[in-house]
Number of protein chains: 2
Amino acid sequence: MSDQVCCPTIVPVLDQPLLDQELATLCKALSHPARVKLIRIMLAQSGCVGQDLVSALGLAQSTVSEHIRILKEAGLVDAENQRPKVCYSVNEAKLKRYQHLLADALG
Amino acid sequence: MSDQVCCPTIVPVLDQPLLDQELATLCKALSHPARVKLIRIMLAQSGCVGQDLVSALGLAQSTVSEHIRILKEAGLVDAENQRPKVCYSVNEAKLKRYQHLLADALG
DNA sequence: TTCCTATATCGTCGATAGACGATTAATGTC
DNA sequence: GACATTAATCGTCTATCGACGATATAGGAA
């Protein structure tokens, strides 16, 4: 048991493994600068075709596609098929949820 | 060049590689549930000794130490030496900066 | 049908993450 | 001095990430 100076009592912090996991997963999705930029671009123009994202990032098409996949998997990005193109856009609800979780967990 | 339906014009999104990187780095620090929980615990009791964190997480001491190191490296956690113990606490300023960055970049 | 375009997926590679046990370093205590 | 306690570091292992080129897939256009 630890003592006085810095933490006199051990506050029982609620175990919230699901929330910890959800927040961590969302953070992970944004843990790469390319993915942050993707979100910024999509927000700025309310949806964007993949080709333009490839140009904007200056990475290989397969690499950008993979970043988009990760964002979709986290629920942060939606894809609307307009064959042969695809329109990607930010899922605003998920973004809000993310910020809510953050505010909730981290004050 | 892409056309009409989903993104009529290509909005020139400001290149902000430093901000993208900073936000991504902070997100990465929180991209593991154990680290989210560490922050939650530290916030709940305004500082905490390592031993208690080890008990709370149920992971090996070396593993917890590594998670703490990552949080310190991101600037999210400060350590105050109280030999032989160490008191860890959340750097509130950095936390605020994180939320500010998020709000700024992601609306 | 035969191309062309746009996106997704596959396979590969090197780098990094995450876990652990063992060890080290720094103190306080006996 | 010998010992116990606490945290940091080291070494090792497996798993995952991030990049790329090559290929597959699905439509539209000629």
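In this text the structure is predicted, and so the values were computed from the model without any measurement.
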Validation row: [X], [Y] side chains within 4.5 angstrom (heavy atoms):
X: B/R35; Y: B/I39; answer: no
X: A/L53; Y: A/K37; answer: no
X: B/L57; Y: B/T63; answer: no
X: B/L23; Y: B/Y98; answer: yes

Worksheet item: Nearest 0.5 Å, what's the CE-CD1 distance between A/M42 and A/I68?
Response: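 It comes to 5.0 Å.
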
Practice prompt. Would you give the length of the straight line joining atom CD of B/Q61 to atom OG of B/S55, rounded to the nearest 0.5 angstrom?
Written response: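 Spacing of CD (B/Q61) from OG (B/S55) equals 11.0 Å.
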
If I take atom [atom1] in residue [X] and atom [atom2] in nucleotide [N], what distance separates them, rounded to the nearest angstrom?
X: A/R69; N: D/dG18; atom1: CZ; atom2: C1'; answer: 11 Å
X: A/L38; N: C/dT7; atom1: CG; atom2: P; answer: 13 Å
X: B/K85; N: D/dT5; atom1: NZ; atom2: P; answer: 11 Å
X: A/N81; N: C/dT7; atom1: CG; atom2: C1'; answer: 9 Å
X: A/Q82; N: C/dA6; atom1: CD; atom2: C1'; answer: 12 Å
X: A/L57; N: D/dC20; atom1: CG; atom2: C1'; answer: 15 Å
X: B/D20; N: D/dG18; atom1: CG; atom2: P; answer: 15 Å
X: A/Q51; N: C/dC4; atom1: CD; atom2: P; answer: 16 Å

Worksheet item: Taking OP1 and OP2 of D/dA8, is either one under 4.0 Å from a side-chain nitrogen or oxygen of B/K72?
Response: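 Yes, within the criterion.
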
Item to complete: Ignoring backbone atoms, establish whether B/Y88 has a side-chain N or O less than 4.0 Å from OP1 or OP2 of D/dT6.
Response: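 No.
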
Practice prompt. Identify the heavy atoms of B/I41 and B/A56 that sit nearest to each other, and give their distance.
Written response: CD1-CB, 3.6 Å

Worksheet item: Who are the salt bridge (charged side-chain N to carboxylate O under 4.0 Å, His left out) partners of B/R97, not counting sequence neighbours?
Response: B/E22

Worksheet item: Which residue, B/I70, B/V90, B/L38, B/L26, forms the side-chain contact (heavy atoms from CB on, under 4.5 Å) with B/L76?
Response: B/L26

Item to complete: Sugar-phosphate atoms are those with a prime plus P, OP1 and OP2; base atoms are the rest. Using that split, label each nucleotide of nucleotides 14-20 of chain C B, S or - for protein heavy atoms under 4.0 Å, 5' to 3'.
Response: ---SSSB

Worksheet item: What one-letter contact string describes nucleotides 23-30 of chain D from 5' to 3', where B marks a base within less than 4.0 Å of any protein heavy atom, S marks contact via sugar-phosphate atoms alone, and - marks no contact?
Response: ---SS---

